[in-house]
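Input: a single structure, listed below in structure tokens.
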Amino acid sequence: MSDQKRLFLVDAYALIFRGYYAFIKNPRINSKGEDTSAIMGFMNSLLDVIKRERPDHLAVCFDKGGSADRVEMFEAYKANRDETPEGIKTAVPYIYEILKAMHIPIMVKEGFEADDVIGTLSRQAEKEGYKVFMVTPDKDFAQLVTDNIFMYRPVFGGGYETWGIPEVKKKFEVDNPLQVIDFLGMMGDASDNIPGLPGVGEKTAKKFINQFGSMEGLLENTDQLKGKMKEKVEANSELGLLSKKLATIMLDVPVDFDAKDFELDHPDIEKVKEIFQNLEFRRLTDNFLKTFSQEASTSASTENTTKKEVPKAASKEQKSAGAGQFSLFGGDDSPKTETVSEFTRKTAETTTHFYQSIAPGMATQLFVKNLLNQSSVCFDTETTGLNPLTAELVGIAFSWEAGKGFYMPFPEDRNEAQDLIEILRPFFESETIEKIGQNLKYDIKVLAKYNIEVKGKLFDTMLAHYLINPDMRHNMDVLAETYLNYTPISITELIGKKGKNQLSMREVPIEKQTEYAVEDADITLQLKEHFEKELGEANTQKLFNDIEIPLLRVLASMELEGINLDKDFLSSLSEALNNDIANLEKSIFEAAGEEFNIASPKQLGVILFEKMKLVDKPKKTKTGQYSTAEDVLSYLAKDHKIIQDILEYRGLAKLKSTYVDALPLQVEDSTGRVHTDYIQTVAATGRLSSNNPNLQNIPIRTERGRQVRKAFIPRNEEYTLLAADYSQIELRIIAALSEEETMIEAFKNGEDIHASTASRVFNVPLTEVTREQRSNAKTVNFGIIYGVSAFGLSNQTDLSRSEAKELIDTYYETYPKLKAYMSKQVDFARDNGYVQTVLGRRRYLKDINSRNAVVRGAAERNAVNAPIQGSAADIIKIAMIRIHEKLTAGNYKSKMLLQVHDELVFDIYKPELETMKTLIKTEMEKAYQLSVPLDVDLDIGDNWLEAH
DNA sequence: CGGACCACCTA
DNA sequence: GTAGGTGGTCCGG
């Protein structure tokens, strides 16, 4: 670092947006319901820059009122931008307040963008001999770079890179940074709505710059171009020049750089602390104090605290290591600048702990004796992979006292491992010792493969947190950081990043395994203490102990069971599909006059709307491409054979790639069956989700797709499949909850509910309801559950907007209590901030009082839908638990295999069929008592299609 | 190779 | 209009 004075100019909105979206999957919401992600993200970046660079001069620049000049030049300028998210709008005043308290100058000029302000200031400061750093991720700034002006770009995964002239030259393939303007002008910028030259993308723009040097150079020499490109460029020369102007950052904004004003001053620490405390920023406060209390330690390079950025990638719930799934750092791993040290978080290195591994022999005996004396123990298994069906135990960690724990390594030899686990059997199978864990379903499945059953009371921290805060993510690292202010050792630190060099947990030295594994158990134990208190309130405790925890064992056993798949059938289906797809492809290419990739919406859009010009004004997607979505194309289908073919092609291609070809690959070698993974903690309403593979979205609507269901078959000839599904469960729930008697009566009388609705709404006798009337009534019935609008309804039916509105109005008149119920839910949400299901499962709706009508509308629909969808989920969960209990208690051979939201699928041992029919129907129908009877249909067959 | 985006499958 | 998951393309690190 030279002695030259350094000025840092921060592009506020760019960092605010970046911060906001960094937390988008896990927004920071404080107890007042405020989304503080944007503030937190921005402040993290700002403090980070200060801590790293210790600038002597610094200012933060904002946009104000947009660029009047640019809008004058080009009306559409930035017009396409999505509305600023609510969470950002509310953040800005806070950020102003904080900057003021920090005594950091805020630069805004009405009618100018931050780019222009930064551009102008940087030139002025350069003249006064400063080295200027523009803190922004936005590539547009590259045009401003000089010998003394640099871009200081945050990079994904942490750290920064500095772009000087050489970097800009290389990145944009230009001779000098000013050509970046020509480059941007040529290729355009969708987010800024700079049109650019049609047909010119990044590649072509670079080529042109290289060839002609500038936009003007290109336009003067179009004779050197040929074909379509020549025509296009010539026809759009004005657009090109305009684009260039729009891309040019102004250097003459009426602002003055006064060195004195920009000196980085001491902040008003008390004031900042107060604001942070109001926002409930605990760690950020620590970070702030640390940043400003420590003497300017010129660089951050000596720091060696934590290494974690936002754990974006950490997939699913992580359990042990193995052939590995997730890397904690995205992007490349060459540390241009070292990793961000985010907060002063505790880690194993900074916390006193006592983690010990247990040697074989005598020590094991002593340990187990001690273990059996405990009343509640947290454990965590470490394995060679993430698939519990094939994973081998590498070790098990135990902890029953915060900060302490033990690790028992397992031998690689399977027989020896079995011998060792036998010593632990009394512990796992003890009915009196409570077992605590994070994602116990995984551990239970692993242990089941060693023939060990985990008995006794369970506490799963992941499930607990799902009930406490369903909108957050629940992986252990996030929980530890949020609730314990602690950063656990990352799995990548142990086994490396995903890829060929990744180790198996088995290859990690025992000492490190011990530190990592026991830490997990220790942390989980501490989280349990925390969550147990929070679960105490409301009905959550009951929901936890009576539903989610028992369900965990049920799911584990369903997943272990798997379902039999007829691979041969699928492969013949695949061949047939291949044939049809090839024929369609041929016919499409003929109609289009050229070959292209039909699966690429981008290419398809160009063919249909530019080449064939099937529509005058094609609909665009939000990224500016032509929309080729199904509903858009359907309109055209009757007039154009090519559209019909394309839709059919896409349908068949999806069928083939997602189901017919993918499913056989998911058959587990060791069992010959397909084992899906049910996830209990993702759906905000309380539903389950299924993946690897997803068996909750197997086709049924089209004849062709339905065939896939034939591939799901009983385990052998002694078995048959049985599907049991709740009939209209969601409508029954809304009828019951709203106490709408007309509808309740219809259900009690066993009427066809859609026909019954049609008869009332269209005022015709039940026997005279037409197909169309019934179909429209059905659409409204479903619409009610989702939160109807006339717009949505008319889109789904042949009705016009006003007809749709009329239908909805009549519907509400027919069922007045339904309407009242819906309003009541919305009011409840407004007053309480959440809605709940019949079992008290909550969904929090932070946007219910938003000033933004669109955002608020979505929350209102959630307020209506969540209790209904969620109650249905509660009810089937109860049924599953009871059925599983009876199947186990009765030692039946029949097994429950799948759950598809309102349907359960069983492998039925034929001699048990009659018993099972009664048992299943009874348990499902009496799972929960409503003022409307629940009705379950049963079907039996030699495959899933027949059983439906 | 991972993420964004689009399209499409289910209840 | 609600709630999910997967596969393909395309682009950038």
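All chains are named by letter (A, B, ...) in the order of the sequence lines, taking the proteins before the strands, and each is independently numbered beginning at 1.
Between the side chain of A:His901 and the backbone N or O of A:Gln899, no donor-acceptor pair lies under 3.5 Å. In this structure a side-chain-to-backbone donor-acceptor pair under 3.5 Å is present from A:Gln696 to A:Ser690.
Rounded to whole angstrom, the span from the CD atom of A:Gln603 across to the P atom of B:dC6 amounts to 16 Å. A:Arg650 has its CZ atom 13 Å from the P atom of C:dT9, to the nearest Å. Atom P of nucleotide C:dA3 and atom CD1 of A:Ile729 are separated by 18 Å, given to the nearest angstrom. Spacing between atom NZ of A:Lys619 and atom P of B:dC6 amounts to 11 Å, rounded to whole angstrom units. Between A:Leu818 atom CG and C:dG1 atom P there is a gap of 21 Å when expressed in whole angstrom units. What separates CG of A:Leu663 from P of B:dT10 is a distance of 13 Å, to the nearest Å. Regarding A:Lys877, its NZ atom lies at a distance of 15 Å from the C1' atom of B:dA11, rounded to whole Å. Between the CD1 atom of A:Ile698 and the P atom of C:dG7 there is a distance of 11 Å, rounded to whole Å.
Residues in residues 785-797 of chain A take part in no side chain to side chain donor-acceptor pair (under 3.5 Å) pair, two or more places apart or across chains.
Nucleic acid contact for A:Arg843: sugar-phosphate only, since backbone atoms but no base atoms lie under 4.0 Å from a heavy atom of the residue. Using a 4.0 Å heavy-atom distance criterion, A:Val788 is classed as a base contact. Residue contacts shown for A:Arg687 include a base, since a base heavy atom lies under 4.0 Å away. Here A:Gln625 lies out of heavy-atom contact (under 4.0 Å) with every strand. When heavy atoms are screened at a 4.0 angstrom cut-off, A:Asn597 is found touching the sugar-phosphate backbone but no base atom. Looking at heavy-atom distances under 4.0 Å, A:Thr779 makes contact with a base. Using a 4.0 Å heavy-atom cutoff across all strands shown, A:Glu630 reaches sugar-phosphate atoms only and no base atom.
A:Lys805 pairs by the salt bridge (Lys or Arg N to Asp or Glu O under 4.0 Å) definition with A:Asp809, not counting sequence neighbours. With sequence neighbours left out, the side-chain contact (heavy atoms from CB on, under 4.5 Å) criterion links A:Glu595 to A:Phe589. In this structure, A:Asp939 has no side-chain contact (heavy atoms from CB on, under 4.5 Å) partners at least two apart in sequence or on a different chain. Partners of A:Val780 according to the side-chain contact (heavy atoms from CB on, under 4.5 Å) rule, which considers only residues two or more places apart in sequence or in another chain, are A:Ile784, A:Leu793, A:Leu807, A:Tyr811. Annotation: ring pair (Phe, Tyr, Trp, His ring centres under 6.0 Å) contacts of A:Phe712 (sequence neighbours excluded): A:Trp944. Applying the ring pair (Phe, Tyr, Trp, His ring centres under 6.0 Å) rule to A:His948 yields no partners; only residues at least two apart in sequence or on another chain are considered. By the ring pair (Phe, Tyr, Trp, His ring centres under 6.0 Å) test, A:Tyr726 pairs with no residue at all, sequence neighbours left out. By the side chain to side chain donor-acceptor pair (under 3.5 Å) test, A:Tyr834 is found to be paired with A:Arg842, residues two or more places apart in sequence or in another chain being considered.
Of the candidate nucleotides C:dG5, B:dA7, C:dC10, C:dG5 has the atom lying nearest to any side-chain atom of A:Val682. Side-chain proximity of A:Asn694 to the nucleotides B:dA11, C:dT6, B:dC9 is greatest for C:dT6. Nearest nucleotide to the A:Tyr786 side chain, out of B:dA7, C:dT9, C:dT2: C:dT2. In this structure, the nucleotide among C:dG1, B:dA7, B:dA11 sitting nearest to the side chain of A:Gln796 is C:dG1.
Contacts between residues 651-662 of chain A and DNA chain B, counted as heavy-atom distances below 4.0 Å, involve A:Gly651, A:Lys654, A:Tyr659. Contacts between residues 862-870 of chain A and DNA chain B, defined by a heavy-atom separation under 4.0 Å, are absent.
The pair A:Lys441-A:Glu559 counts as a salt bridge, with a side-chain nitrogen and a carboxylate oxygen less than 4.0 angstrom apart. A salt bridge is defined here as a Lys NZ or Arg NE, NH1 or NH2 lying under 4.0 Å from an Asp or Glu carboxylate O, and A:Arg706 with A:Glu703 meets this definition.
OP1 or OP2 of B:dC6 has at least one side-chain nitrogen or oxygen of A:Thr623 nearer than 4.0 Å. Checking the phosphate oxygens (OP1, OP2) of C:dG5, a side-chain nitrogen or oxygen of A:Ser689 falls inside 4.0 Å. When the side-chain nitrogen and oxygen atoms of A:Arg701 are compared with OP1 and OP2 of B:dC9, none of them lie within a distance under 4.0 Å. Using a 4.0 Å cut-off, some side-chain N or O of A:Lys139 falls inside it from OP1 or OP2 of C:dG13. For the pair A:Ser600 and C:dC10, the criterion of a side-chain N or O lying under 4.0 Å from OP1 or OP2 is met. Not one side-chain nitrogen or oxygen of A:Lys622 sits closer than 4.0 Å to the OP1 or OP2 atom of B:dA4.
For the residue pair A:Ser634 and A:Glu630, a side-chain donor N or O sits within less than 3.5 Å of a side-chain acceptor on the partner.
Base-pairing analysis of DNA chain B finds the following stems of at least three consecutive Watson-Crick or G-U pairs, with both pairing distances under 3.5 Å: B:1-11 with C:2-12.
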